[in-house]
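The figures here come from the full heavy-atom set of this structure, side chains too, leaving out hydrogens, waters and symmetry mates. Computed from a predicted structure; not experimentally measured. Counting starts at 1 for both ligands and their atoms, in listed order.
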Amino acid sequence: MSPVKVQKIVCIGAGYVGGPTCAVIAQKCPDIVMTIVDLNEARINAWNDEEYRLPIYEPGLVDVVRSCRGRNLFFSTDVDKGIQEADLIFVSVNTPTKKSGVGAGFAADLNFIELATRRIAAVATSNKIVVEKSTVPCRTAESMRTILEANAKPNCRFDILSNPEFLAEGTAINDLHKPDRVLIGSLQTPEGLDACQSLSDVYAHWIPRQRILTVGLWSSELSKLAANAMLAQRISSINALSAICEATGANIDEVANAVGYDSRIGPKFLKASVGFGGSCFQKDILNLVYLSESLHLPGVATYWRQVVEMNEHQKSRFAKRVVDTLFNTITNKRITVLGFAFKADTGDTRESAAISLIRDFLKEKANVNLYDPQVEESQIWQDLAESSPNLTLETIKKQVKICSSSLEACKDAEAVVIATEWKEFKEIDWEMVYQGMNKPAFVFDGRLLVDAEKLTKIGFKVVTIGRGNL
Ligand SMILES: NC(=O)c1ccc[n+]([C@@H]2O[C@H](COP(=O)([O-])OP(=O)(O)OC[C@H]3O[C@@H](n4cnc5c(N)ncnc54)[C@H](O)[C@@H]3O)[C@@H](O)[C@H]2O)c1
Ligand SMILES: O=c1ccn([C@@H]2O[C@H](COP(=O)(O)OP(=O)(O)O[C@H]3O[C@H](CO)[C@@H](O)[C@H](O)[C@H]3O)[C@@H](O)[C@H]2O)c(=O)[nH]1
């Protein structure tokens, strides 16, 4: 046998990973036909939208899709046809934290992976390379292989690879064009190594070979969880230090800068914040916690769990600081929350710190004005309803007003809380905001975004994460 030259790829799952990743593969590999399939018809329709109103907001994505959709990039709901025609299948479905049953609240829900795997086995009529793109617990590839082999048609073989994705939302296109590395895990058998070579050849269209790391399957799966756990751990560490700064008069930016100058530590991912969000960090760490417990390593599980607990503490600590500073009550006061996405340059709200903040403000019976430049209104109502199950949506809508600009949102407010680091919040006409607010006018900067000294000169009382009150 020799490595198969990949000509047709299907990606199952047209989400935040499948969409951008495979659009970039199509852009960089004009000799490969790429089809992205999904059961969600509305999502596929949006990917095919004539005006390019795509289902996710990601800078640069529209240009990539525009350059190859209809040429060698296709979006479809016909999952079976996609599977049958492809030589290589990416499985890029969601793997959320389990909500019930064994491991609820920690383990990854692998139901979507299993359904996609069973579908591949049921409809494939030729050999396939099956690539785990989703983030999964260590040894999931083994379960996939068992399912595929037990249901394979005669003369139909499956080789399984792990190829976790490391893109971050908001910078996905740049991350895909110039990744730090591409990781491919395979069985170390001749067939496994051939499959690995086939996928490496796809990436080698635009990524230098020395950045394509090939390892064993289980190392690849675990490396993805490890990378996210270590990134999140840095944020929890700097956030823990931000609490000490607030109590001592040290400045977290100065501390992070001084610490990050050490080349063994490095400057990235040391930005203190109101807490990390996103669909991955919390989910993947809890997954690691569950894995550690299943392996009878409770000390290891406790260590990683603390990274998530610190994050929860940071979010509630910040909400409490708002209440404490506003003279211990925010009942009936108008609080403006700027930003609802979990970070700038995305419309994604999964695990966004803003959701926890607003939930806490609603508990205190505050009125909230909210503005985010990208998040859809329907998504905001859904997130707020889910986070405050004891309140009816009608009550929430009485307390929360979604505004169409920062200026509108800040009008008549007692305090502005910056929850997401959108660049436009830095550039607001703060003089005008000040004039329209009740006095004393407070700004709570949960993202180290605005120039606190400048705002103080205007007249604001500025409270910044990781700094004592000015
Ligand atoms: N979002 C990120 O930035 C990111 C980055 C790296 C890795 N990941 C991982 O990648 C995976 C996908 O994440 P995402 O954010 O793209 O999820 P997502 O929810 O945006 O997309 C998953 C898609 O899969 C579809 N799907 C589920 N089961 C299906 C099936 N059987 N057949 C066809 N379609 C099916 C869903 O309809 C959905 O559209 C997860 O495991 C996640 O942890 C995510
Ligand atoms: O110094 C920092 C850096 C990030 N954040 C916050 O951390 C969260 C996650 O940010 P980021 O990692 O940039 O975005 P994600 O899209 O969640 O990407 C992470 O999760 C993905 C899914 O697994 C991985 O592929 C990426 O490598 C990994 O960075 C966001 O709320 C950020 O605001 C901070 O508070 N301080």
Side-chain angles (χ1 to χ4, degrees), residues 10-22 36-44 46-47 55-56 58 76-80 82-83 89-97 108-120 132-137 140 163-172 175-176 179-181 224-225 227-232 234-239 242 256 260 267-285 287 311 314-315 339 341-346 348-354 419-421 446-449 465:
V10 71
C11 174
I12 304 180
Y16 283 88
V17 170
T21 306
C22 293
I36 307 178
V37 296
D38 204 295
L39 297 172
N40 182 335
E41 196 175 350
R43 223 169 197 187
I44 290 297
W47 282 109
I56 61 176
E58 190 61 54
S76 165
T77 49
D78 195 341
V79 177
D80 292 359
I83 293 172
I89 303 170
F90 281 113
V91 178
S92 186
V93 299
N94 35 331
T95 51
T97 305
D109 182 348
L110 297 177
N111 195 31
F112 300 102
I113 292 271
E114 177 162 344
L115 288 175
T117 309
R118 286 189 182 277
R119 202 68 216 147
I120 296 170
E132 236 179 34
K133 190 53 135 170
S134 302
T135 304
V136 289
T140 301
N163 172 221
E165 184 48 60
F166 295 99
L167 68 80
E169 289 177 28
T171 54
D175 295 343
L176 290 164
D180 287 348
R181 78 314 209 174
K224 173 64 196 177
L225 297 183
N228 273 355
M230 293 186 74
L231 288 167
R234 280 172 75 95
I235 304 171
S236 277
S237 297
I238 206 73
N239 283 343
S242 76
K268 294 184 184 168
F269 262 71
L270 287 182
K271 187 99 176 161
S273 67
V274 61
F276 61 73
S279 62
C280 296
F281 281 173
Q282 176 172 311
K283 160 176 88 73
D284 294 348
I285 295 173
N287 193 337
N311 197 48
Q314 184 76 347
K315 289 187 274 185
F342 81 94
K343 65 186 277 198
D345 294 327
T346 179
D348 195 350
T349 62
R350 291 178 286 182
E351 305 298 339
S352 177
T420 311
E421 70 282 24
R447 290 294 187 164
L448 295 167
L449 187 74
I465 204 111

**OP:** Can you tell me which residues line ligand 2 if we count any heavy atom under 4.0 angstrom from one of its atoms, in chain and number order?
**Re:** Glu165, Phe166, Leu167, Ala168, Glu169, Lys224, Asn228, Leu231, Ile235, Phe269, Leu270, Lys271, Ser273, Phe276, Gly277, Cys280, Phe281, Asp284, Phe342, Lys343, Glu421, Arg447

Original post:
Is the side chain of Glu58 donor-acceptor paired with the backbone N or O of Gly170 at a distance under 3.5 Å, no angle test?
Top reply: yes

**OP:** To the nearest 0.5 angstrom, please state how far the OG atom of Ser279 sits from the CZ atom of Arg350.
**Re:** 3.5 Å

Original post:
Considering only heavy atoms, which protein residues lie less than 4.0 Å from any atom of ligand 1?
Top reply: Ile12, Gly13, Gly15, Tyr16, Val17, Asp38, Leu39, Asn40, Arg43, Ser92, Val93, Asn94, Thr95, Phe112, Ala116, Ser134, Thr135, Glu165, Leu167, Glu169, Lys224, Ser279, Cys280, Lys283, Arg350

Original post:
How far apart are the closest heavy atoms of Arg181 and Ala227, and which atoms are they?
Top reply: NH2-CB, 4.0 Å

Subject >> Gln314 side chain to Ser242 side chain, donor-acceptor N/O pair below 3.5 angstrom >> reply: yes

Subject >> Side-chain touch Ile285/Asn228, heavy atoms, less than 4.5 angstrom >> reply: no

**OP:** Decide yes or no for Asp175 and Phe166: does some side-chain heavy atom of the first lie under 4.5 Å from some side-chain heavy atom of the second?
**Re:** no

Subject >> Side-chain (Trp47) to main-chain (Ala14) donor-acceptor, under 3.5 angstrom >> reply: yes

Subject >> For Lys283, all residues meeting side-chain contact (heavy atoms from CB on, under 4.5 Å), sequence neighbours excluded >> reply: Thr95, Thr97, Thr135

Original post:
Can you name the residues that form a side-chain hydrogen bond (donor to acceptor under 3.5 Å, both in side chains) with Asp80, not counting sequence neighbours?
Top reply: Arg119

